[in-house]
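One structure is given here, and the rest of the page talks about it.
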Amino acid sequence: MRWTQSLIPTQKETPSDAQIISHQLMLRAGLIRQLTAGAYDFLPLGLRSLQKAMQIVREEMNAIGAAEVLLPALQPMELWQKTGRDVGYGDNLLKLKDRHGRLIVLGPTHEEVVTELVSAYVSSYKQLPLSVYQIQTKFRDEFRPRFGLLRVREFLMKDAYSFHANVESLNEVYDKFYGAYEKIFTRCGIPFVVVEAESGPIGGSASHEFMAACAAGEDTIVTSDKGNYAANVEKAQTGARPWTFGGEPKGELDKVHTPNLPGIEDVGKFLKVKPKNMLKTLVFRTDAKGPAQSSGVNPAWVVAVVRGDHEVNESKLKQAVAEQFHVGVQPLVDDPAVREKWAIGFVGPDAAIKAADAVLVVDPDAAQGGFWASGANETDYHVKYFNWFRECGDKLADPKKTVVADIRNAVAGDPSPKNDGGKLTASKGIEIGHVFKLGTKYSDALGANYLDDAGQQHPLIMGCYGIGIGRILIAAVESMHDEKGILWPAAIAPFSVVVTPIRYEGEIKAAADKLYEQLNAAGIDTILDDRDARPGFKFADADLIGFPVRLTVGDRGLKEGKIELKRRKAAEPEMVAVDNIIERVREALRA
RNA sequence: CGGGGCGUAGCUCAGUUUGGCAGAGCGUCUGGUUUGGGACCAGAAGGCCGCAGGUUCAAAUCCUGUCGCCCCGACCA
């Protein structure tokens, strides 16, 4: 490609709307342009990188025997109603009406569509396992698109789905996808870590996220300093944390008027108590059907308590409550019935003791003796010098009333769940890939069954596997740039080589043209900077865009029959004889 | 949806407080001089000041409404 024939609008100045470095550089390098919130034009250079990433993904998917398909973005609402995700997916589901008034979904993902497809043609265990994938545009009506390509409303995603007759087969194929993902991100040159993510219906390690470590990431990764554990903070377990409700009261219970203080931070400041010395008490409704019993089993309410500086993790809470009390937990909705029973915002743990139909779940760090500040169970009041045994009594020892369990998000400094003396550290990451064991959720809902060798019908067991193609570019730019611009890994650079003639005229022009032809003939994708511009201007653009190799053609080198080769990542250029240039470029691109 | 910020040339932004000719730098175009790390000189083009209404002799500037964009929060199989 000749520079003057392409569309490469580089900019010297940083666009004011761009916050994170990858967004700034991708705009400045002329890779993308924002059309509207969460939707971007891909310009020629951006598209080339995107296509290279797609090709790598495609090759690795093909290598593990996944068959490429292309499914419509336009999907009938009925399909989503069958799986309940017309509601379950929430407002991120982009809906529209056609001229006949039919409701259409612009697909945010394709479990429904692919399950419908496979169920139409797969009816025997002999056809399994089967894996299909596509690279296709997804639509999600994000509340707040942001950070350039990181969170957008329309984006390219590689989504793959596998179908199985048994869990062993699913596990086998899951491992293949896992391996393919490692190859993909390694080939793309992106530093990544794999973390345990939210467990699926299969249980165990049913889900892994591939995270590119970078400060701009939206996800928090928790890692053991022993190097043997990594998980998304949403999923991360903690090691054993000792607890005891014991300890003498530090003072008389002291009720304090605390009006107009919206958060725990504010209350803490007002009371002159640090959040880590406060109890955060949240109320959840259970899905228990029967009448509450005085013993505390089959409770209607769950009162969860964590330390003031910690966050309740709802999935951990759900698990603890399911194990101990055999009921599910629903998110609390703010309705008058709730307000009447609980002083929302001012609840204290003892309220659970007094209510016959409530149970108490306490995080170990909150189940400690000593000084606590807490809600007073009365609107606009808190108490100081809360003491567990004095305020709650021996119900704390009743397993039908009270349980101590890990119900909070992990934080830096927590013991590793491996219980090997490791401590957890926290860092930020961008989720670039996700592999997930789905189970039979979609095949059940859509009646996608197969016949086993005994002629019995069973729902297909499924896995799904996603990669955000655009996020590959973001992750690369976030992790590889300097003050001058992007440092593209060779595999996904828009062009591998830029040929930069010092002046595009005379014998320099002839030499540059010839070099450009040679590189093209050798199958090295090259852009020729044929602009009538001064060298410094061209160098600055080349560095900003970040082509891995720059070949500078000028009279200095030509006098000696040499071309200057400058690797973007190298500090200094080297002079290479014209005869050796192709070979040397290949070497530089491998490095 | 709650809170905050911003809409003026392709880009970055002044001008709005205190109403009075539409501005600068970068980029673009023309001519010239230049040419190894974002050159210089001279000239030029480019604007519904987001949009609509109002106040006023007069509105980029004040008022009302509205649309869009960015950030924080909430949301994110």
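Numbers restart at 1 for each chain; the letters A, B, ... are given by sequence-line order, proteins then strands.
- The residue A:Asp91 sits apart from the nucleic acid: no heavy atom pair falls under 4.0 Å.
- Between A:Tyr504 atom OH and A:Thr4 atom OG1 the span is 7.5 Å, to the nearest 0.5 Å.
- Under 4.0 Å is where a charged nitrogen must lie from a carboxylate oxygen, and between A:Arg151 and A:Glu142 at least one such pair does.
- Distance OH (A:Tyr40) to P (B:C69): 11 Å, rounded to an integer number of Å.
- Considering only heavy atoms from C-beta on, A:Trp80 comes within 4.5 Å of A:Glu112 through its side chain.
- In a base pair of the Watson-Crick type (N1 to N3 plus N6-O4 or O6-N4) or a G-U wobble (N1-O2 and O6-N3), with each distance short of 3.5 Å, B:G27 is matched with no nucleotide.
- A salt bridge links A:Arg2 to A:Asp513: at least one charged side-chain nitrogen sits closer than 4.0 Å to a carboxylate oxygen.
- Residue A:Pro15 is in sugar-phosphate contact alone, with no base atom involved, counting any heavy-atom pair closer than 4.0 Å across all strands shown.
- Nucleotides B:C49 and B:A9 place their P atoms 10 Å apart, quoted to the nearest Å.
- Between A:Asp530 and A:Lys509 no salt bridge is recorded (no basic side-chain N to carboxylate O distance below 4.0 Å).
- Whole-Å rounding puts the A:Lys12 NZ to B:G10 C1' distance at 15 Å.
- Comment: A:Arg307 engages A:Asp309 in a salt bridge, judged by a side-chain N to carboxylate O separation of less than 4.0 angstrom.
- Closest contact between the side chain of A:Arg550 and the listed nucleotides B:G38, B:C70, B:G37 involves B:G37.
- Using the Watson-Crick or G-U wobble rule with both distances under 3.5 Å, B:G47 pairs with nothing in any strand shown.
- Pair assignment for B:C69 gives B:G5, based on Watson-Crick or G-U wobble hydrogen-bonding distances that are each under 3.5 Å.
- In this structure, A:Ser16 does not reach the B:C6 phosphate: none of its side-chain N or O atoms is under 4.0 Å from OP1 or OP2.
- Going from the P atom of B:A24 to that of B:A14 covers 16 Å, rounded to whole Å.
- B:G27 and B:A60: their P atoms are spaced 30 Å apart (whole Å).
- In summary, A:Lys95 and A:Asp86 do not engage in a salt bridge, as defined by a charged side-chain N under 4.0 Å from a carboxylate O.
- Electrostatic pairing of A:Glu218 and A:Arg146 counts as a salt bridge here, judged by a charged N lying under 4.0 Å from a carboxylate O.
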Identify each atom pair where a protein N or O and an N or O of nucleotides 72-77 of chain B are less than 3.5 Å apart, giving names and distance.
from	atom 1	to	atom 2	distance (Å)
B:C72	OP2	A:Arg144	NH1	2.9
B:C72	OP2	A:Arg144	NH2	2.6
B:C75	N4	A:Arg146	NH2	3.4
B:C76	O2	A:Arg151	NH1	3.2
B:C76	O2	A:Arg151	NH2	2.9

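- If you look at A:Phe210 and A:Phe185, their ring centroids are closer than 6.0 Å.
- Rounded to whole angstrom, the span from the CD1 atom of A:Ile502 across to the P atom of B:U35 amounts to 13 Å.
- In this structure, of B:U34, B:G37, B:C69, it is B:C69 that holds the atom nearest to the side chain of A:Gln34.
- If you measure from atom CG of A:Asp532 to atom C1' of B:U30, you get 14 Å, rounded to the nearest angstrom.
- Rounded to an integer number of Å, the gap from A:Asp529 CG to B:G38 P is 15 Å.
- In a base pair of the Watson-Crick type (N1 to N3 plus N6-O4 or O6-N4) or a G-U wobble (N1-O2 and O6-N3), with each distance short of 3.5 Å, B:U33 is matched with B:A39.
- For a distance-only test at 3.5 Å, the side chain of A:Glu13 fails to qualify as a donor-acceptor partner of the base of B:G27.
- Of all nucleotides present, none satisfies the Watson-Crick or G-U wobble test against B:U61 with each distance under 3.5 Å.
- For A:His481 (side chain) and A:Glu478 (main-chain N/O), a donor-acceptor pair under 3.5 Å exists by modelled atom type.
- The base-pairing partner of B:C21, taking Watson-Crick or G-U wobble contacts with both distances under 3.5 Å, does not exist among the strands shown.
- Under 4.0 angstrom from either OP1 or OP2 of B:A39 there lies at least one side-chain N or O belonging to A:Arg534.
- Annotation: proximity of residues 17-29 of chain A to RNA chain B (heavy atom, distance under 4.0 Å) is found for A:Asp17, A:Gln19, A:Arg28, numbered in ascending order.
- In this structure, the nucleotide among B:U35, B:G68, B:G36 sitting nearest to the side chain of A:Thr36 is B:G68.
- Protein atom NZ of A:Lys484 is 8 Å distant from nucleotide atom C1' of B:G37, rounded to whole Å.
- Only the C1' atoms considered, B:A22 is 30 Å distant from B:G4, to the nearest whole Å.
- Checked against the 6.0 Å centroid threshold, A:Tyr40 and A:Phe155 do not count as a close aromatic pair.
- Separating the C1' atom of B:C71 from that of B:U18 is a span of 31 Å, rounded to the nearest Å.
- Atom name C1', nucleotides B:U56 and B:G20: the rounded distance is 12 Å, in whole Å.
- For B:A52 and B:A59, the C1' atoms lie 15 Å apart once the distance is rounded to whole Å.
- B:C75: no Watson-Crick or G-U partner with both key distances under 3.5 Å is found in any strand.
- Here B:U35 presents its C1' atom at 17 Å from NZ of A:Lys509, a figure rounded to the nearest Å.
- Of the two residues contacting RNA chain B, namely A:Gly148 and A:Gly557, the nearest-nucleotide position lying further toward the 5' end is that of A:Gly557.
- For B:U28 and B:G36, the C1' atoms lie 26 Å apart once the distance is rounded to whole Å.
- Taking a cutoff of 4.0 Å between a charged side-chain nitrogen and a carboxylate oxygen, A:Arg550 and A:Asp529 do not qualify as a salt bridge.
- Rounded to a whole Å, the CG atom of A:Asp41 is 14 Å from the C1' atom of B:G10.
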